[in-house]
Amino acid sequence: NAGVTQTPKFQVLKTGQSMTLQCAQDMNHNSMYWYRQDPGMGLRLIYYSASEGTTDKGEVPNGYNVSRLNKREFSLRLESAAPSQTSVYFCASVQTAISYEQYFGPGTRLTVT
Amino acid sequence: GENVEQHPSTLSVQEGDSAVIKCTYSDSASNYFPWYKQELGKRPQLIIDIRSNVGEKKDQRIAVTLNKTAKHFSLHITETQPEDSAVYFCAATVTGTASKLTFGTGTRLQVTL
């Protein structure tokens, strides 16, 4: 099992460019999450999907959109990147019927210039 | 929403000493409290968790205690080793289908020889 995978690992964007961060899990988990991690601020929830077909805003959703493509995949889109979106982005997933342990992907380091 | 505060932000201990990290939470409905360890450049990984119906949980050198009345929980690491050096995050949630975690801002633990 690959667990939670994310692509790309690194990305540099110019202000105003758009991109999509991809996340996939092969553990048959129902819930998936996108976090951003900034120095001194811990992990903050951007969006989450409690089950296939549903998505909801987290703590810091402005400037982002998400798609739960199917049970395995949950993507995060930046429509018009801003320097304030420079961060490390983590995807996570959990099967809440069994456990509450969230499994994290390896992260995407995004720089917006 | 939930608010989690974590202290200290940095902690330096000598190898073999104990380390204690403390967190407080605001939502009395929160009932699941995990601790994640993140090594430099890596993803967060769960090291121990506790549910609200338990006051203490141990796993070898690590333990977590929970005081529901005071709304605080702590991570205790005994006989620290250099490989314990990392950033530790506490989190809290109300369990359910979504189980959104709210994280503390992290503690950087340095174990010196």
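Letters A, B, ... are given to chains in the order of the sequence lines, protein chains preceding strands, and every chain is numbered from 1. Here the structure is a predicted model, which means the values were calculated and not measured.
Residues B:Val4 and B:Val94 do not share a hydrophobic cluster, clusters being chains of Ile/Leu/Val/Met/Phe/Trp/Tyr side chains in contact below 4.5 Å. Tracing side-chain contacts under 4.5 Å through hydrophobic residues (I, L, V, M, F, W, Y), one never reaches B:Val64 starting from B:Leu46; they form parts of separate clusters. A:Ile46 and A:Tyr103 are members of different hydrophobic clusters when ILVMFWY side chains are connected at heavy-atom separations under 4.5 Å. Both A:Leu110 and A:Val66 are assigned to one and the same hydrophobic cluster, defined by single-linkage of ILVMFWY side chains at heavy-atom distances under 4.5 Å. Cluster membership check: B:Phe33 does not share its hydrophobic cluster with A:Leu45, using side-chain heavy-atom separations under 4.5 Å among Ile, Leu, Val, Met, Phe, Trp and Tyr.
Looking at heavy atoms from C-beta onward, B:Phe103 lies out of side-chain contact with A:Met41 at the 4.5 angstrom threshold. Here the side chains of A:Tyr35 and B:Leu101 are in contact, with some heavy-atom distance below 4.5 Å. In this structure, the side chains of A:Gln102 and B:Tyr36 come closer than 4.5 Å at one or more pairs of heavy atoms.
Between atom OG1 of residue B:Thr105 and atom CG of residue A:Leu43 there is a gap of 11.0 Å, rounded to the nearest 0.5 Å. Note that CD of A:Glu59 is 11.0 Å distant from CD of B:Glu2, once rounded to the nearest 0.5 Å.
In terms of heavy-atom pairs under 4.5 angstrom with chain A, the leader among B:Pro34, B:Gly106, B:Gly96, B:Ser99 is B:Ser99. Of all the listed residues (A:Ser49, A:Ser31, A:Gly58), the one sharing the greatest number of non-hydrogen pairs under 4.5 Å with chain B is A:Ser31. Your options are B:Gln38, B:Gln45, B:Lys42, B:Gln6, and the one with the most heavy-atom pairs under 4.5 Å with chain A is B:Gln38.
Around NZ of B:Lys100, the count of heavy atoms belonging to other residues, nucleotides or ligands within 6.0 Å does not exceed 12. The neighbour count for A:Arg44 CZ, taken as heavy atoms of other residues, nucleotides or ligands under 6.0 Å away, is above 12. Around the CD atom of B:Glu15, the shell of radius 6.0 Å holds more than 12 heavy atoms that belong to other residues, nucleotides or ligands. Remark: B:Gln60 CD is loosely packed, at most 12 non-hydrogen atoms of other residues, nucleotides or ligands lying under 6.0 Å away. Counting heavy atoms of neighbouring residues, nucleotides and ligands inside a 6.0 Å radius, atom NZ of B:Lys22 does not exceed 12 of them.
A:Tyr33 places a side-chain N or O within 3.5 Å of a backbone atom of B:Ala98 that can act as its donor or acceptor partner.
Ring geometry for B:Tyr32 against A:Tyr100 counts as tilted: the plane angle lies between 30° and 60°, on a 0 to 90° scale.
Heavy atoms closer than 4.5 Å to chain A are found nowhere in B:Ser9, neither backbone nor side chain. Residue contact with chain A, scored on non-hydrogen atoms closer than 4.5 Å, is absent for B:Arg108.
Contacts between residues 85-94 of chain A and chain B, defined by a heavy-atom separation under 4.5 Å, are made by A:Phe90.
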